[in-house]
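Have a look at the structure below, then the notes.
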Amino acid sequence: STVKIVDTSLGADYILHTENFTPFSGAVGQDLKGKPGIESVASFRFGQAKVGKSTAPVQGVEPDALAEVLKLKPVAGKFADMETGIALSKKAAKDHGWKVGDTIPVTWRRTGLHPLKVAVIYDINQFAGDYLVSGTTFDANTSQQLLGVVAVKTSPNAKPKDTRAVVDAAVKPFPNIVVQDQSEFVKSQGKQIDQLLNAITGQAGFLLAALFIAGMALLIFDVVVDRTVASLLDYHFHPHRRAGNGRRCLFGRPADSGTV
């Protein structure tokens with residue numbers, strides 16, 4: 001469920017994003033750092049790169065805030081070493097046979113091949129995906145330094161009312177950015193999933209009905225054509241039946257009233 005995924009994978013108290021998760025300015029992430037009651041700020045960039053032999057989604061983010069906002073559990077290595085390296089999920093590491101210390105080819109569309117050393121391998125996390133690099137590495141190899149999500153972790157003793165006011169003030173110059181706490185985020189994502197499932201269910205029902213109607217139409221068309229062709233053939237090759245000498249049966253022998 002959405003609640004379980006968020007509970008096990010997301011440690012942030014506030015999630016900042018646009019309505020459709022379109023990219024937005026990185027200024028808001030920078031502005032939140034060091035503000036009262038704010039402990040960690042992770043600004044996630046979304047992109048793609050060729051890792052090894054396959055093109056895959058790659059996220060750029062600040063290593064020092066990563067474990068706090070995503071509840072990431074390292075299996076091997078340290079997130080601190082990710083500043084100039086790459087972090088992999090244990091699934092990606094297993095699939096490719098990579099381990100901490102290995103250097104793997106990473107090819108960016110803008111800057112080309114830049115091999116990176118595996119700094120840390122982490123447990124599977126729904127929000128982290130398979131590949132993470134530092135924000136510095138990501139920005140140096142991509143043409144646009146825009147964010148997809150800003151995740152904010154507040155200080156243990158901070159009051160939610162105060163931290164919410166700080167976050168709201170930071171995003172005020174950016175009316176397209178939505179601020180949600182964990183419960184709001186879970187509710188909105190769950191609603192989107194429900195809408196998607198309803199749409200799929202509705203489309204599936206419509207598709208089944210359409211297929212049924214189309215199938216019946218084809219069947220009727222086939223019968224009509226079959227009968228028409230048979231009639232024409234019968235007309236041309238059996239002239240003695242034109243005067244109504246007997247009843248014609250399309251699917252068997254002619255059922256004439258007289259002797260054939």
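Keep in mind it's a predicted model, so treat the numbers as computed, not measured. FYI, side chains are in, hydrogens and waters are out, and symmetry mates aren't considered; it's all heavy atoms of this structure.
Y14 is listed as a side-chain neighbour of R164, based on a closest heavy-atom distance under 4.5 Å. At least one side-chain heavy atom of L10 sits under 4.5 Å from a side-chain heavy atom of L70. Within the 4.5 Å cutoff, the side chain of L72 has heavy atoms near those of the L132 side chain. Between Q180 and H17, the closest side-chain pair of non-hydrogen atoms falls below 4.5 Å. In this structure, the side chains of M82 and V61 come closer than 4.5 Å at one or more pairs of heavy atoms. P23 places none of its side-chain heavy atoms less than 4.5 Å from the side chain of R45. Between E39 and S155, some side-chain heavy-atom pair lies under the 4.5 Å cut-off. In this structure the side chain of V178 reaches within 4.5 angstrom of the side chain of E19, judged on heavy atoms.
When the side chains of ILVMFWY residues are joined at heavy-atom separations under 4.5 Å, either directly or via intervening members, V133 and I104 end up in a single hydrophobic cluster. V149 and L16 are members of different hydrophobic clusters when ILVMFWY side chains are connected at heavy-atom separations under 4.5 Å. F24 and V179 end up in the same hydrophobic cluster when Ile, Leu, Val, Met, Phe, Trp and Tyr side chains are linked at under 4.5 Å. At a threshold of 4.5 Å between side-chain heavy atoms, the hydrophobic network of Ile, Leu, Val, Met, Phe, Trp and Tyr places L116 and Y122 in two separate groups. If you chain together hydrophobic residues whose side chains sit under 4.5 Å apart, F21 and V150 never meet in one group.
The backbone N or O of F127 lies less than 3.5 Å from a partner atom in the side chain of Q59, making a donor-acceptor pair. Under a 3.5 Å cut-off, the side chain of N125 and the backbone N or O of S9 do form a donor-acceptor pair. Checking side-chain atoms of K153 against main-chain N and O of G11 turns up a donor-acceptor pair under 3.5 Å. The main-chain N or O of S43 is found under 3.5 Å from a side-chain atom of E62 such that the two form a donor-acceptor pair. A donor-acceptor contact shorter than 3.5 Å is absent between the side chain of D168 and the backbone of A165.
Taking CG from D102 and CD1 from I86, the interatomic distance works out to 12.0 Å, rounded to the nearest 0.5 Å. Here CG of N157 is found 12.0 Å from CG of D162. Values are rounded to the nearest 0.5 Å. Between atom NZ of residue K90 and atom NZ of residue K73 there is a gap of 9.5 Å, rounded to the nearest 0.5 Å. Rounding to the nearest 0.5 Å gives a distance of 13.0 Å between NZ of K172 and CG of D31. To the nearest 0.5 angstrom, F46 atom CZ is 9.0 Å from L147 atom CG.
Taking a 6.0 Å sphere around NZ of K33, one finds it holds more than 12 heavy atoms contributed by other residues, nucleotides or ligands. Counted within 6.0 Å of CZ on R110, heavy atoms from surrounding residues, nucleotides or ligands total more than 12; the atom is thus considered enclosed. Atom NZ of K117 is surrounded by 12 or fewer heavy atoms from other residues, nucleotides or ligands within 6.0 Å. No more than 12 heavy atoms of other residues, nucleotides or ligands sit less than 6.0 Å from atom NZ of K50.
At a cut-off of 3.5 Å, with distance as the only test, a side-chain donor of S183 or D181 sits close to an acceptor on the other residue. N141 and T111 share a donor-acceptor pair across their side chains, judged by distance under 3.5 Å alone.
The two residues P36 and V166 make their nearest non-hydrogen contact at O-CG2, 3.9 Å. Between I121 and A93, the closest heavy-atom pair is CD1-CB, 3.7 Å. The two atoms that bring E83 and T137 nearest to each other are O-OG1, 3.4 Å, heavy atoms only. When every heavy atom of A27 is checked against every heavy atom of F174, the shortest pair comes out as CB-CZ, 3.9 Å. Closest approach of L32 and V167 over heavy atoms only: CD2-CA, 3.9 Å. Shortest non-hydrogen contact noted between V100 and A119 is CG1-O, 3.9 Å.
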So V120 and D81, side-chain contact (heavy atoms from CB on, under 4.5 Å) or not? Walk me through it.
CA-CA 7 Å; V120 59; D81 296 334; over 6 Å; no

Take V51 and W98 through the side-chain contact (heavy atoms from CB on, under 4.5 Å) test and state the conclusion after the steps.
CA-CA 12 Å; V51 184; W98 293 328; 3.9 Å; yes

Run the side-chain contact (heavy atoms from CB on, under 4.5 Å) check on F138 and F44 step by step: do they pass?
CA-CA 10 Å; F138 190 94; F44 288 86; over 6 Å; no

Is there a side-chain contact (heavy atoms from CB on, under 4.5 Å) between D7 and Q182 once you walk through the steps?
CA-CA 9 Å; D7 187 56; Q182 275 207 25; 5.6 Å; no

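Note on K91 versus D130: no salt bridge recorded, every NZ/NE/NH1/NH2 to OD/OE distance being 4.0 Å or above.
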